[in-house]
**Q** 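To start, I am sharing the structure in question, which I have written as structure tokens.
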Amino acid sequence: MDSVPSGSPHDRPSRVGYLPDRDQTLMKLVVAGPFGVGKTTLIRTLSEIATLHTEEAMTETGRPVDDLAGLPEKSTTTVAVDFGRLTLPGNTVLYMFGTPGQRRFFPLWQDIARGALGALVLADTRRLADSFEIMDMVEEQGLPYAVAVNRFPDSPDHPPEVLRAHLDLHAATPLLLCDARRRGSSLDALIALAEHVLDTLPAASTDAQERP
């Protein structure tokens with residue numbers, strides 16, 4: 001049998017480069033919110049990998065279905081899922097799943113949300129009421145969540161305490177102002193959610209153990 005030259009790849013242990021070298025904390029998070037609120041933009045802004053998007057061009061047929069009020073430049077819509085990944089200091093890896101915001105996609109939203117540890121709900125002050133239904137869905141799934149109000153150039157500006165009261169948020173629910181186009185601002189919102197999830201997990205585990 002021919003000898004293998006010293007130093008060739010056959011001498012070295014096989015190694016798959018994409019596997020982690022050390023323990024990681026993996027968190028599946030859902031980025032939710034009404035139609036056109038900036039979910040795709042936020043995931044694209046934060047992801048350290050090439051993002052997966054399932055966007056389709058909007059057509060005249062869809063105009064009676066999807067309300068474009070306040071969204072004059074909206075030309076595409078997510079029809080399945082957005083996906084991105086972000087590694088935080090401390091070796092915590094966040095898997096971000098963006099979901100369609102239209103009501104007709106709610107069954108798909110429920111499938112995507114299965115196994116998630118928390119949700120970041122995006123809101124728009126031009127149409128805050130559109131976020132109520134999404135927050136109800138998140139609460140029905142039993143997911144801890146944070147609310148990030150995405151700032152648009154023509155959005156009304158309200159103090160956080162006014163927004164919190166209008167959205168009827170629990171005192172423990174994080175509320176942040178963000179710009180989904182800016183990495184630092186979006187990162188603050190996602191970290192606030194991750195911290196809230198980690199704070200909530202011990203209580204959720206205790207509740208599960210106490211159930212008959």
Side-chain angles (χ1 to χ4, degrees), residues 25 27-47 67 69-71 74 78 82 84 86 88-90 92 94-103 106 109-110 112-113 116-204 207:
T25 300
M27 298 179 65
K28 177 182 178 181
L29 303 175
V30 175
V31 179
F35 170 68
V37 78
K39 301 180 294 292
T40 298
T41 299
L42 183 135
I43 291 175
R44 183 181 289 126
T45 297
L46 288 175
S47 181
D67 184 6
L71 304 169
K74 183 70 172 172
T78 299
D82 296 320
L86 177 65
L88 299 179
T92 297
L94 308 181
Y95 292 101
M96 302 171 286
F97 290 79
T99 58
Q102 299 94 316
R103 182 177 180 82
F106 278 178
W109 185 95
Q110 290 176 310
I112 293 172
L117 297 179
L120 180 66
V121 178
L122 294 186
D124 179 352
T125 57
R126 297 172 299 181
R127 42 200 184 95
L128 277 178
D130 291 354
S131 300
F132 295 155
E133 197 167 38
I134 301 293
M135 289 191 292
D136 287 344
M137 289 286 295
V138 171
E139 291 175 357
E140 287 172 9
Q141 291 289 114
L143 295 178
Y145 66 97
V147 175
V149 177
N150 190 16
R151 287 175 162 170
F152 292 86
D154 58 341
S155 296
D157 193 14
H158 302 293
E161 59 271 18
V162 172
L163 292 171
R164 182 175 288 278
H166 189 80
L167 291 169
D168 194 25
L169 296 181
H170 188 277
T173 302
L175 172 67
L176 301 99
L177 304 178
C178 80
D179 183 337
R181 301 166 300 176
R182 300 185 180 278
R183 182 174 177 82
S185 178
S186 299
L187 184 59
D188 287 344
L190 204 63
I191 289 176
L193 169 62
E195 291 176 342
H196 181 52
V197 167
L198 292 173
D199 288 342
T200 306
L201 280 177
D207 290 344

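Hydrogens, waters and symmetry mates play no part in the numbers below; they use all other heavy atoms, side chains included.
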**Q** Locate the shortest heavy-atom distance separating Pro34 from Ile134; write the atom from each residue and the value.
**A**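 In terms of heavy atoms, the two residues are closest at N-CG1, 4.0 Å.
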
**Q** Between atom CZ of Phe132 and atom CG of Asp168, what is the distance when rounded to the nearest 0.5 Å?
**A**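 Going from the CZ atom of Phe132 to the CG atom of Asp168 covers 8.0 Å.
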
**Q** Kindly list each side-chain donor-acceptor pair under 3.5 angstrom involving residues 136-148, sequence neighbours excluded, with atom names and distances?
**A**
| unit_1 | atom_1 | unit_2 | atom_2 | d |
| --- | --- | --- | --- | --- |
| Glu139 | OE2 | Tyr145 | OH | 2.7 |

**Q** State, to 0.1 Å, how close His166 and Leu128 come at their nearest heavy-atom pair, and which atoms those are.
**A**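 That would be CD2-CD1, 3.5 Å.
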
**Q** Under the 3.5 angstrom rule, does the side chain of Asn150 hit a backbone N or O of Ala180 as a donor-acceptor pair?
**A**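 Confirmed, Asn150 side chain pairs with Ala180 backbone.
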
**Q** Closest heavy-atom contact between Ala194 and Leu94?
**A**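 That closest heavy-atom pairing would be CB-CD2, 4.4 Å.
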
**Q** How long is the straight-line distance from CD1 of Ile112 back to OG1 of Thr99, given to the nearest 0.5 Å?
**A**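 CD1 of Ile112 is found 6.0 Å from OG1 of Thr99.
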
**Q** Rounded to the nearest 0.5 Å, what separation is found between the CZ atom of Phe97 and the CG atom of Asp82?
**A**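 Going from CZ on Phe97 over to CG on Asp82, the span is 11.0 Å.
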
**Q** So, Thr125 side chain and Pro156 main chain: donor-acceptor pair closer than 3.5 Å or not?
**A**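 The answer is yes, because a donor-acceptor pair under 3.5 Å joins these two groups.
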
**Q** On a heavy-atom basis, which atom in Leu193 and which in Ala119 lie closest, and how many Å separate them?
**A**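 In terms of heavy atoms, the two residues are closest at CD1-O, 3.3 Å.
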
**Q** Looking at His196, is its backbone amide N or carbonyl O close enough to the side chain of Thr200 to form a donor-acceptor pair, meaning the two atoms are under 3.5 Å apart?
**A**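 Here the side-chain-to-backbone pair exists.
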
**Q** Tell me the closest heavy-atom pair linking Val30 and Ala113, and the distance in Å.
**A**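 That closest heavy-atom pairing would be CG2-CA, 3.9 Å.
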
**Q** Roughly how far apart are Leu177 CG and Asp157 CG, rounded to 0.5 Å?
**A**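 Atom-to-atom, Leu177:CG and Asp157:CG are 7.5 Å apart.
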
**Q** Please give me the minimum heavy-atom distance between Ile43 and Gly98, naming the atom from each residue.
**A**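 Minimum heavy-atom separation between Ile43 and Gly98: CD1-N, 3.4 Å.
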
**Q** Return each pair, listed once, that meets salt bridge (Lys or Arg N to Asp or Glu O under 4.0 Å) where at least one residue sits in residues 171-183; pairs must be two or more places apart or across chains.
**A**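 Listed by first then second residue: Asp179-Arg181, Asp179-Arg182.
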
**Q** Can you tell me if Lys39 uses its side chain to pair, donor with acceptor, with the backbone of Leu122 under 3.5 Å?
**A**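 Not a single qualifying donor-acceptor pair exists.
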
**Q** So, taking the atom named CE in Met96 and the one named CG in Leu120, what distance separates them when rounded to the nearest 0.5 Å?
**A**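 Answer for the CE-CG pair, Met96 versus Leu120, is 10.5 Å.
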
**Q** Pick out which of Leu88, Leu176, Leu86 makes a side-chain contact (heavy atoms from CB on, under 4.5 Å) with Leu190.
**A**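 So the option named by the test is Leu86.
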
**Q** Would you give the length of the straight line joining atom CG of Leu167 to atom CG of Leu175, rounded to the nearest 0.5 angstrom?
**A**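 The CG atom of Leu175 is 7.0 Å from CG of Leu167, to the nearest 0.5 Å.
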
